[in-house]
Number of protein chains: 2
Amino acid sequence: MTIELHAIAAPVFTARLKSLVHLLKIAEAEGPARGLSEEAVLGARLASDMFDLKRQVQIATDHAKGAMARLAGIDVPSFPDSEQTFSELYARIDKTLAFVASVPASAVDGRQEAIVTLKLRHETMELKAFDYLQGFAIPNFYFHLTTAYDILRHLGMPVGKRDFLWQE
Amino acid sequence: MTIELHAIAAPVFTARLKSLVHLLKIAEAEGPARGLSEEAVLGARLASDMFDLKRQVQIATDHAKGAMARLAGIDVPSFPDSEQTFSELYARIDKTLAFVASVPASAVDGRQEAIVTLKLRHETMELKAFDYLQGFAIPNFYFHLTTAYDILRHLGMPVGKRDFLWQE
């Protein structure tokens, strides 16, 4: 096998977004026994000036859909950040998984040197697609995914690294 | 450019281990003003049954050196887990960076389908090198790296995602 761009992107997002659903389902089931409402779990954070759990989930999905769109050179789908419940977060993750699956390898492979333009809050960056994926999209994706996990862990939820690496 | 195995491993470990040094240096400098001793910072954790900061750093380096060795089909260097100070952790990260740099692309590239045997606590896994890297080594590396960051954030250290993505 040769290593192609799609294979170092889509399977990573798909596997770990499914792990994220698995983690959230544990939190949803275990919250009530711990005296934690849905709102309390999804609004939990590790520091007062840090994003809460639901926002970590939203941003993780943003990096997954953003990466697949940019690697393919198509528009990034926009999802309103309005989720307030576990059900709504599952729906957002499902929409993201469907979008990732909708971008075929043929639309991505070979585009590792295509220029990706990234509009951030304070700057615009131009990067080769490969560098964008490895140095920006994937680190950001894992950053928000792991922080979601760490929030659950800090809440006392019975999750472990096996759940983070969970696979169907 | 074609995408080769070394290029999706070594630069990731190198860039993010340097970010980790950057994050730890902020924590080392800022601890005293926050009434936190070196021991308190390095012993901090997010849950009582979770590894503390120094152990998160040790395990992150383990996944980096483990991956580079296994991808090249050579022995994984063993580091004793004895670090108790910032200086000792910097030395461990430096040793890891030097090991990552010592494995040339020529020793890794083309080995994506070589079988990696992974001895875990309760099982032995055999995986293709590519799948081991993408599905095990890199997720684990980011998991411990981000958790180290989240511990600093939870301690109130003045770090942000820019520090996590920091580059020389």
Side-chain angles (χ1 to χ4, degrees), chain A residues 1-12 15-16 19 45-51 56 59 109-113 120-122 128-131 133-162 164-167, chain B residues 1-12 15-16 19 45-51 56 59 109-113 120-122 128-131 133-162 164-167:
Chain A
M1 63 173 276
T2 55
I3 301 173
E4 301 288 354
L5 191 58
H6 184 273
I8 60 171
V12 171
R16 294 286 78 79
S19 306
R45 60 188 85 217
L46 293 172
S48 59
D49 60 343
M50 208 168 167
F51 288 132
Q56 301 290 346
I59 303 176
D109 289 349
R111 287 179 44 85
Q112 46 267 33
E113 296 186 79
L120 304 179
R121 212 172 312 166
H122 302 292
K128 286 186 186 173
F130 179 78
D131 297 330
L133 180 68
Q134 296 288 105
F136 188 84
I138 285 183
N140 266 292
F141 177 71
Y142 278 118
F143 179 91
H144 292 286
L145 196 70
T146 307
T147 300
Y149 170 92
D150 283 339
I151 291 171
L152 295 182
R153 206 65 169 71
H154 186 59
L155 286 175
M157 294 292 176
V159 294
K161 197 162 66 179
R162 275 175 183 261
F164 181 84
L165 294 174
W166 181 86
Q167 295 202 46
Chain B
M1 63 175 273
T2 55
I3 302 174
E4 301 288 354
L5 191 59
H6 184 273
I8 60 170
V12 172
R16 295 287 78 79
S19 307
R45 61 188 85 216
L46 294 171
S48 59
D49 60 343
M50 208 170 168
F51 288 132
Q56 302 290 347
I59 303 176
D109 289 348
R111 287 179 44 84
Q112 45 268 33
E113 297 187 78
L120 304 179
R121 212 174 311 166
H122 301 292
K128 287 185 187 173
F130 179 78
D131 297 330
L133 180 69
Q134 295 290 104
F136 188 85
I138 286 182
N140 266 291
F141 177 71
Y142 277 118
F143 179 91
H144 292 286
L145 196 71
T146 307
T147 300
Y149 170 92
D150 283 339
I151 291 171
L152 295 182
R153 206 66 169 71
H154 186 59
L155 287 175
M157 294 293 177
V159 294
K161 197 162 67 179
R162 274 175 182 260
F164 181 83
L165 295 175
W166 180 86
Q167 295 202 45

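Just so we're on the same page: letters track the sequence lines, and every chain starts at 1. Remember, predicted model here, so these are calculated numbers, not experimental data.
- Looking at Leu165(A), the atoms closer than 4.5 Å to chain B (heavy atoms on both sides) all sit in the side chain, from C-beta outward.
- Judged as a side-chain hydrogen bond (donor to acceptor under 3.5 Å, both in side chains), and not counting sequence neighbours, the contacts of Tyr149(B) are Arg153(B).
- Partners of Arg45(B) under the salt bridge (charged side-chain N to carboxylate O under 4.0 Å, His left out) rule, at least two apart in sequence or in another chain, are Asp52(B).
- Closest of all the heavy-atom pairs between Pro139(B) and Phe164(A) is O-CE2, 3.9 Å.
- Interface check for chain B: of the options Asn140(A), Thr2(A), Leu5(A), the most heavy-atom pairs under 4.5 Å are formed by Asn140(A).
- In this structure, Met50(A) and Asp150(B) have side chains that are in contact, with non-hydrogen atoms separated by less than 4.5 Å.
- Thr146(A) contributes atom OG1, which lies 8.5 Å from atom CG of Leu145(B) (distance to the nearest 0.5 angstrom).
- If you measure heavy-atom distances from Phe143(B) to chain A, the contacts under 4.5 Å come from both the backbone and the side chain.
- Of the listed residues (Arg16(A), Gln134(A), Met1(A), Glu113(A)), the one with the most heavy-atom contacts under 4.5 Å to chain B is Met1(A).
- The candidate with the highest count of non-hydrogen atom pairs below 4.5 Å against chain A, out of Leu133(B), Thr147(B), Val12(B), is Thr147(B).
- Remark: Lys161(B) NZ is packed, more than 12 non-hydrogen atoms of other residues, nucleotides or ligands lying under 6.0 Å away.
- Here the side chains of Glu4(B) and Ile3(A) are not in contact, with every heavy-atom distance at 4.5 Å or above.
- Taking the six-membered ring where the residue is Trp, His154(A) and His154(B) present perpendicular rings, their angle passing 60° and hence far from 30°.
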